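Count residues from 1 along the sequence. Keep in mind the model is a prediction, meaning the values are calculated, not measured.
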Amino acid sequence: MKTRSQIIVFIVSVLVFLSVLAAALVKARQSPEPLTGNWVVRTPTTNNDGTFRTTYLSLRQDGQKITGTIRVTQFYYKISESTGGPDGFTLTGSMIDGKTERKVQYEGKLVGDQLQISTRRRPTDPPTQMVAVRAPAGEGAMPARNPLPALHKVRDNGLARTPPMGWNSWNKFASRVDDATVRSIADAMATNGMKDAGYQYINIDDTWEAGRDAQGNIQTNKKFPDMKALADYVHSKGLKLGIYSSPGPNTCAGYEGSYGHEEQDARTYAAWGIDYLKYDWCGARNLYTDEEMPQVYQIMGDALLKQKRPIVYSLCQYGRLDVWKWGADVGGNLWRTTGDIRDAWDSMTRIGFNQNDLAPYAKPGHWNDPDMLEIGNGAMSNDEYKTHMSLWAMLAAPLLAGNDLRSMSPEILAILTNKEVIAIDQDKLGKQGQRMSQSGEQEVWTRSLSGGDIAVAIFNRAKDEAKISLRPADLKIAGKWKARDLWTHQDVTWPSDGEYSVTIPAHGVLMLRLSR
Ligand code: GLA
């Protein structure tokens with residue numbers, strides 16, 4: 001008997017032991033390793049607009065291996081490599097952006113219930129230190145892709161028969177733009193001669209956005225207390241107001257984009273009294289491929305057309321996927337053809353002189369956009385800014401000043417308001433100019449104008465002044481022509497025979513209008 005009960009006790013204890021062990025094993029499997037979880041770094045934006053720059057690290061730790069995703073403002077990376085664990089780890093995130101791979105690297109360690117992490121923009125930069133705290137699972141996750149519509153031709157909105165003219169906040173003010181700045185820029189434009197010269201749009205670029213309300217309506221941040229009142233103000237000056245968004249969940253500066261709210265945002269813009277939208281790809285790159293851009297841009301093209309208010313539609317996707325071939329079909333009035341311009345001779349000329357082949361795609365209502373003007377921002381000479389203005393006019397480019405209109409020199413104002421050069425830009429034939437000839441660092445560009453006139457720009461890209469001679473045959477013209485120098489505002493003699501000789505300053509330009 002004794003032996004039997006001993007056996008029973010033994011069996012029961014073994015069973016108890018096994019079930020305790022099994023429970024412990026299950027628990028061990030379920031209880032996550034310390035780094036596993038969703039972490040967020042929330043940093044107030046530098047301009048105190050009430051919004052935050054967020055970085056989400058959604059991590060899964062398996063012993064010495066960490067997988068997951070990193071979402072930082074507009075970028076969404078998959079963790080492709082990791083080393084270490086809670087006491088010290090490095091994570092490498094990677095994402096495909098068009099044809100290139102972007103990478104980001106974080107170093108960190110777990111201290112209490114916080115992650116102390118650091119990252120560098122470039123390997124040689126000093127590290128940025130951050131503290132991440134736990135966030136609810138799913139917060140900050142990339143939304144799922146929305147299905148894309150079939151392509152169709154969006155009806156022409158009838159706007160921008162000549163290239164849009166105005167001002168945009170980005171080049172000078174970037175994230176510092178606010179309501180007071182926009183009002184005072186409108187005041188300046190209305191009174192300093194720019195409005196008379198044809199400038200019309202006051203465009204707020206990125207960083208006006210906050211989040212959305214419970215109904216999904218986009219909100220403005222602290223810098224823009226009342227967008228409708230601001231639009232009313234700008235309109236009261238006889239000017240128009242433009243705004244900015246992205247087809248992605250985030251804008252380039254990491255603010256709220258229009259993803260999934262396209263029609264709702266178009267309605268909001270119309271209700272505020274917005275007249276112009278710049279729609280910037282950025283955050284959409286994490287959800288869609290470049291090949292899907294036409295469909296993505298068509299969504300907003302359709303949404304804007306549904307509004308009673310005419311709204312100019314400006315595509316900004318840096319000229320990818322040959323946007324000039326489809327920009328008009330998705331409702332675009334203009335499309336950026338390149339990456340961002342900088343206030344530097346190299347940047348401006350690299351962009352401007354590379355637009356030659358795009359000429360056939362510009363026409364009334366639909367323009368190539370080599371980016372906004374840097375005239376007056378301080379890092380180029382006045383001759384260089386004249387070259388910038390002349391080249392953009394030859395290119396039938398939008399003329400969006402990007403400087404502080406409240407405090408520019410008379411010389412800069414004169415460059416921006418040169419009505420004879422503006423008349424070339426705004427010529428109603430809408431034919432973009434092209435390079436006629438090039439000899440070393442000197443280039444001759446021509447542009448056919450309405451009524452049979454011709455604009456001629458002779459550019460000297462060299463560091464020294466250059467003497468240039470031009471014969472009528474070089475321009476494929478003959479006979480008697482009248483000529484006007486559009487920078488000295490004087491008639492000049494154009495030889496029907498012989499040569500036209502002129503000395504052009506370093507990085508300078510001569511611009512003529514020839515007419516019969
Ligand atoms: C991109 C655009 C710029 C500007 C910024 C704003 O870089 O190309 O023109 O709009 O975004 O974040």
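Looking only at atom types and distance, the side chain of Gln74 has a donor-acceptor partner in the side chain of Arg285 under 3.5 Å away. A side-chain N or O of Asn460 and one of Gln442 form a donor-acceptor pair less than 3.5 Å apart. With no hydrogens or angles considered, a side-chain donor-acceptor pair links Lys223 and Thr207 at under 3.5 Å. Side-chain polar atoms of Tyr318 and Asp280 form a donor-acceptor pair below 3.5 angstrom. Using modelled atom types, one finds a donor on one side chain and an acceptor on the other under 3.5 Å when comparing Asp302 with His152. With 3.5 Å as the limit, one finds no donor-acceptor pair spanning the side chains of Asp205 and Ser169. With no hydrogens or angles considered, a side-chain donor-acceptor pair links Tyr255 and Asp49 at under 3.5 Å. Checked by atom type, the side-chain pair Thr181/Asp178 shows a donor-acceptor distance below 3.5 Å.
The closest side-chain heavy-atom distance from Thr251 to Glu256 is not below 4.5 Å.
Geometric assessment of Arg183 against the ring of Tyr233 yields a positive cation-pi assignment under the 6.0 Å and 45° thresholds.
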*CA sep, side-chain torsions, deciding dist, call: Leu315, Trp326, side-chain contact (heavy atoms from CB on, under 4.5 Å)*: CA-CA 11 Å; Leu315 275 49; Trp326 51 267; 4.1 Å; yes
*asked:* Before you tell me yes or no, could you show the steps for Ile415 and His388 under side-chain contact (heavy atoms from CB on, under 4.5 Å), namely the whole-Å CA-CA distance, both residues' side-chain angles and the distance that decides it to 0.1 Å?
replied: CA-CA 10 Å; Ile415 294 172; His388 190 359; over 6 Å; no
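Remark: the backbone N or O of Leu358 is paired with a side-chain donor or acceptor of Asn368 at under 3.5 angstrom. Between the side chain of Asp427 and the backbone N or O of Ser450, at least one donor-acceptor pair lies under 3.5 Å. Side-chain atoms of Asp343 come within 3.5 Å of backbone N or O of Ala379 as a donor-acceptor pair. Listed for the Arg461 side chain is no donor-acceptor partner under 3.5 Å among the backbone atoms of Gly440. Trp487 places no side-chain N or O within 3.5 Å of a backbone atom of Met511 that could act as its donor or acceptor partner.
Within 6.0 Å of CG in Asp125 there are more than 12 heavy atoms belonging to other residues, nucleotides or ligands. The number of heavy atoms from other shown groups lying within 6.0 Å of CZ (Arg212) is above 12. Atom NZ of Lys431 has 12 or fewer heavy atoms from other residues, nucleotides or ligands within 6.0 Å. In this structure, Arg320 places its CZ atom where more than 12 heavy-atom neighbours from other residues, nucleotides or ligands lie under 6.0 Å away. Within a 6.0 Å radius of CZ in Arg53, no more than 12 heavy atoms belonging to other residues, nucleotides or ligands are found.
Residues Asp275 and Arg309 are paired through a salt bridge, judged by an N-O separation under 4.0 Å between the basic side chain and the carboxylate. The pair Glu374-Arg342 does not count as a salt bridge, with every side-chain nitrogen at least 4.0 angstrom from each carboxylate oxygen. In summary, Glu420 and Arg513 do not engage in a salt bridge, as defined by a charged side-chain N under 4.0 Å from a carboxylate O.
Residue pairs that meet the side chain to side chain donor-acceptor pair (under 3.5 Å) test with at least one member in residues 353-365, sequence neighbours left out, are Thr337-Gln355. Residue pairs satisfying the salt bridge (charged side-chain N to carboxylate O under 4.0 Å, His left out) criterion with at least one member in residues 382-405, sequence neighbours excluded, are listed as follows: Asp404-Arg406.
In this structure, the ring of Phe459 has its center less than 6.0 angstrom from the ring center of Phe353. In summary, the aromatic rings of Trp272 and Trp208 are positioned with their centroids under 6.0 Å apart. Within the 6.0 Å centre-distance limit, the rings of Trp494 and Tyr500 are counted as a close aromatic pair.
Partners of Cys282 by disulfide bond (SG atoms under 2.5 Å apart), not counting sequence neighbours, listed by chain and number: Cys252.
Annotation: the span from Ser246 atom OG to Tyr279 atom OH amounts to 6.5 Å, rounded to 0.5 Å.
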